[in-house]
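Throughout, a chain's letter reflects where its sequence line sits, starting with A, and its residues are numbered from 1. Worth knowing before you read on, the calculation uses all heavy atoms, side chains too, and leaves out hydrogens, waters and symmetry mates.
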Amino acid sequence: MLDLKLIREKPEWVKARLSTRGQDFPVEEILSLDQQRRELLQKVESLRHLRKEKSEQIGSLKKQGKDEEANFLAQEVKKLGEELKTLEAELSQVENNLQEKLLYLPNIPHETVPVGKDDSGNVVVKRWGEPPEIGFEPKPHWEIGENLGILDFERAGKITGSRFVVYFNEGALLERALINFMLDLHVKKHGYKEVLPPFIVNETSLIGTAQLPKFKEDLFKLEGWNYYLIPTAEVPVTNLHRDEILREEDLPLYYTAYTPCFRSEAGSHGRDTRGIVRQHQFNKVELVKFVVPETSYDELENLLLDAEEVLQLLGLHYRVVALCTGDLGFASAKTYDIEVWAPGQKRYVEISSCSNFEDFQARRANLRYRPKDGGKPRFVHTLNGSGLAIGRTVMAILENYQQEDGSVLIPEVLRPYMGGLEKITPKKA
RNA sequence: GGAGGAGUGGCCGAGAGGUCGAAGGCGCUCGCCUGCUAAGCGAGUGUACGGGCUAAAACCCGUACCGCGGGUUCGAAUCCCGCCUCCUCCGCCA
């Protein structure tokens, strides 16, 4: 959520910055609602003041035994109360309306974000490694996985439906190994605190991180409950400190969490229909930071490095893309995507997305900290990034480490997590 | 699922229709004292919103906030109703 005061003070600037996202937002409407709100508020408050004074008078009159006078005044105040009630109803309607409009307003892109209208405006800022040299026509991972007997799309379709997969044997083991490898790296080397949160959250949490109210159709909701399956660990983890006042001395806070993620993928019909790239359920290790505003952009760079290191250790070629204003997520002020090379599909596939939300989520979730000097509480800045998406990492390993005989080498760092296994080989049927 | 109990400031904890933003304590800030530290002494210390003043603050005024939402009343932290959360006991269960 944006700061209403900022909108009030620099409406033209806010409008201009938001418009770089490629659409117009109802800034004027918000301003006018704000104006109405303040006018009503002043009326309501002065009426309340009057009522308070008179009620106190009634109290003291009664103490003096002047009941008749008291009753007369009470009649008067009663009318006042009725008038107040109408005005209050009006006020709360305006406030709800204003609040709703604010919840639908996206974050302002940071000044360093390239301006562009869609993903064609994104800028490659970094490359690491090289695509592997494969002396034969590389296969896409779904073929490799099915040939190895470790991925089964048909049976997943039977038990659930499309966009689900069953992992068997070394496939399941690989998934589990990756989770442990990534968590260990982030906990032991990068200093994150491990957390295993609920995979189901309430509406308030989703409003806090801004999946709601605007993106309801992307979520799975539990029937008969006001609960949702999490689309990312960002939701439960960022909401850990909702409505809290942290101490500056305790910042920054770094969390890492493994969770499955559930996404309806509404609006993605026909995209990535084959393979494990786009599933309704996938595993992910997430990184979340709570930091003081002054450091959040440095923290973003470091978050990105922490995620990149996973790919470096796995020996997977990737590039880093700075998202442009038109491609930026709703809540984000700045985002880097990490895209891993997928030789079987001859394209780069997003495997991590690292964002600084500044105080956008903090404002929604009321995430604050008390400065060291004891001053007023301020909003923290929140950041998060995938470190990494597990399914897509499996995809990348299968495609990058495939051998001509159909087997797949296991990256060395993972072998200790897989009982020393060096290679996945096709089972002789 | 059944029966009870509880939710008050950064934290702990009193208050049980009127002058209560709320005693007291802890913590914190400033000052005093003191070889240093600790202790001690004194003062201060909630948040949000709106208004005034201002370059902006500080400051001043007002309103709201005692888990959340309604209601009763001239007036609600206090009474009533609904919900949420936590605790205890019983039952069930991975």
Side-chain angles (χ1 to χ4, degrees), chain A residues 1-10 13 30-99 101-103 196-208 222 224-228 236 239-251 253 290 292 359 362-380:
Chain A
M1 198 154 67
L2 297 182
D3 184 0
L4 187 54
K5 283 187 189 136
L6 178 70
I7 301 176
R8 204 139 73 197
E9 277 157 26
K10 299 156 81 177
W13 181 82
I30 286 171
L31 280 176
S32 122
L33 283 168
D34 175 48
Q35 185 66 33
Q36 284 178 52
R37 185 185 87 92
R38 282 184 292 163
E39 283 166 15
L40 279 166
L41 190 62
Q42 282 176 40
K43 283 188 203 165
V44 164
E45 288 190 345
S46 65
L47 277 183
R48 282 184 185 150
H49 180 59
L50 242 181
R51 181 181 65 179
K52 208 175 183 177
E53 278 184 342
K54 300 214 169 179
S55 292
E56 278 166 20
Q57 277 179 39
I58 293 169
S60 59
L61 282 173
K62 283 203 168 165
K63 263 189 199 133
Q64 295 166 41
K66 299 179 179 168
D67 279 21
E68 212 165 299
E69 278 180 63
N71 288 338
F72 181 79
L73 239 189
Q75 283 305 312
E76 198 181 313
V77 179
K78 189 164 191 171
K79 276 187 210 133
L80 224 167
E82 279 154 19
E83 196 180 335
L84 230 185
K85 218 166 189 176
T86 357
L87 273 178
E88 277 173 339
E90 224 175 300
L91 176 63
S92 87
Q93 204 186 336
V94 170
E95 280 184 334
N96 289 342
N97 207 331
L98 178 60
Q99 190 64 13
K101 291 276 182 314
L102 282 174
L103 285 176
L196 182 64
F199 304 158
I200 294 175
V201 294
N202 60 32
E203 212 164 26
T204 313
S205 295
L206 286 157
I207 290 171
L222 301 200
W225 297 73
N226 226 355
Y227 290 168
Y228 298 79
N239 277 281
L240 277 175
H241 297 297
R242 189 175 74 225
D243 293 321
E244 289 184 19
I245 299 176
L246 302 164
R247 305 182 329 149
E248 180 169 359
E249 293 85 331
D250 296 334
L251 298 176
L253 288 172
F290 299 81
V292 295
D359 65 6
R363 207 176 283 284
R364 288 174 165 243
N366 196 218
L367 293 163
R368 296 177 296 170
Y369 73 97
R370 188 171 301 279
K372 276 196 210 114
D373 63 20
K376 289 189 177 237
R378 301 172 68 199
F379 289 114
V380 300

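Here His49(A) does not reach the OP1 or OP2 of G62(B): none of its side-chain N or O atoms lies under 4.0 Å away.
Contact check for Leu367(A) versus Leu246(A): no side-chain heavy atoms found under the 4.5 Å cut-off. Side chains of Leu253(A) and Leu240(A) form no contact here, defined as non-hydrogen atoms less than 4.5 Å apart. By the 4.5 Å heavy-atom criterion applied to side chains, His241(A) and Val380(A) are not counted as neighbours.
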Please tabulate, for side-chain N and O atoms in residues 47-56 of chain A, each donor-acceptor pair with protein atoms closer than 3.5 Å (sequence neighbours left out).
{"residue": "Arg48(A)", "atom": "NE", "partner": "Glu88(A)", "partner atom": "OE2", "Å": "3.1"}
{"residue": "Arg48(A)", "atom": "NH2", "partner": "Glu88(A)", "partner atom": "OE2", "Å": "2.9"}
{"residue": "His49(A)", "atom": "NE2", "partner": "Glu53(A)", "partner atom": "OE2", "Å": "3.4"}
{"residue": "Lys54(A)", "atom": "NZ", "partner": "Glu76(A)", "partner atom": "OE2", "Å": "2.7"}
{"residue": "Ser55(A)", "atom": "OG", "partner": "Arg51(A)", "partner atom": "O", "Å": "2.9"}

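The separation between Leu84(A) atom CG and U63(B) atom P is 12 Å, rounded to whole Å. The distance from atom NZ of Lys62(A) to atom P of C74(B) is 8 Å, rounded to the nearest whole Å. When the P atom of U73(B) is taken as reference, atom NZ of Lys85(A) falls 9 Å away, rounded to whole Å. Taking atom CG of residue Asn366(A) and atom P of nucleotide C65(B), one finds them 18 Å apart after rounding to whole Å. Between the CG atom of Leu91(A) and the C1' atom of G62(B) there is a distance of 15 Å, given to the nearest Å. In this structure, His241(A) atom NE2 and G10(B) atom P are separated by 17 Å, rounded to whole Å. Rounding to whole angstrom units, CZ of residue Arg370(A) and C1' of G10(B) are separated by 6 Å. Nucleotide G9(B) holds its P atom 13 Å from the CG atom of Asp243(A), rounded to whole Å.
Residues that satisfy the salt bridge (Lys or Arg N to Asp or Glu O under 4.0 Å) test with Arg37(A), not counting sequence neighbours, are Glu95(A). Shown here are the side chain to side chain donor-acceptor pair (under 3.5 Å) partners of Asp3(A), two or more places apart in sequence or in another chain: there are none. Scored by the side chain to side chain donor-acceptor pair (under 3.5 Å) test, Asn97(A) finds Lys101(A) as partners (sequence neighbours excluded). Remark: Arg247(A) pairs with Glu249(A), Asp250(A) by the side-chain contact (heavy atoms from CB on, under 4.5 Å) rule, at least two apart or across chains. With sequence neighbours left out, Phe199(A) forms a ring pair (Phe, Tyr, Trp, His ring centres under 6.0 Å) with no residue at all. In this view, Gln99(A) satisfies the side chain to side chain donor-acceptor pair (under 3.5 Å) rule with no residue, not counting sequence neighbours. With sequence neighbours excluded, no residue forms a side chain to side chain donor-acceptor pair (under 3.5 Å) with Glu90(A). Residues satisfying the side-chain contact (heavy atoms from CB on, under 4.5 Å) criterion with Gln57(A), sequence neighbours excluded, are Leu73(A).
Heavy atoms of other residues, nucleotides or ligands lying less than 6.0 angstrom from CD of Glu68(A) number 12 at most.
Of the P atoms belonging to C12(B) and C87(B), the separation is 15 Å, rounded to the nearest Å. For the C1' atoms, the distance from G75(B) to C83(B) is 26 Å, rounded to whole Å. Only the P atoms considered, A39(B) is 15 Å distant from C30(B), to the nearest whole Å. Spacing between U29(B) and G69(B) at atom C1', rounded to whole Å, works out to 38 Å. Going from the P atom of A94(B) to that of G27(B) covers 49 Å, rounded to whole Å. Taking atom P on both nucleotides, A38(B) is separated from A48(B) by 31 Å, rounded to a whole Å. Look at the P atom in both G42(B) and C68(B): the space between them is 36 Å, to the nearest Å. Distance noted for atom P between A22(B) and C65(B): 14 Å (whole Å).
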Between protein and nucleic acid, restricted to nucleotides 75-83 of chain B and to nitrogen or oxygen atoms under 3.5 Å apart, what atom pairs and distances do you find?
{"residue": "G75(B)", "atom": "O4'", "partner": "Ser55(A)", "partner atom": "OG", "Å": "3.2"}

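Using a 4.0 Å heavy-atom distance criterion, Lys54(A) is classed as making no nucleic acid contact.
Where Gly59(A) and Lys372(A) meet RNA chain B, the nucleotide closest to each residue was compared, and Gly59(A) sits on the side nearer the 5' end.
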> Reading RNA chain B 5' to 3', how would its secondary structure be written in dot-bracket notation, given Watson-Crick and G-U pairs with both distances under 3.5 Å, brackets [ ] for crossing pairs and | for partners on other strands?
Replying inline: ((((((((.[[[..)..(.....]]]((((((.......))))))(((((((......))))))).[[[[[..)....]]]]])))))))....

> When you check every protein heavy atom under 4.0 Å of nucleotides 48-53 of chain B, what one-letter string (B, S, -) results, 5' to 3'?
Replying inline: SSSS--

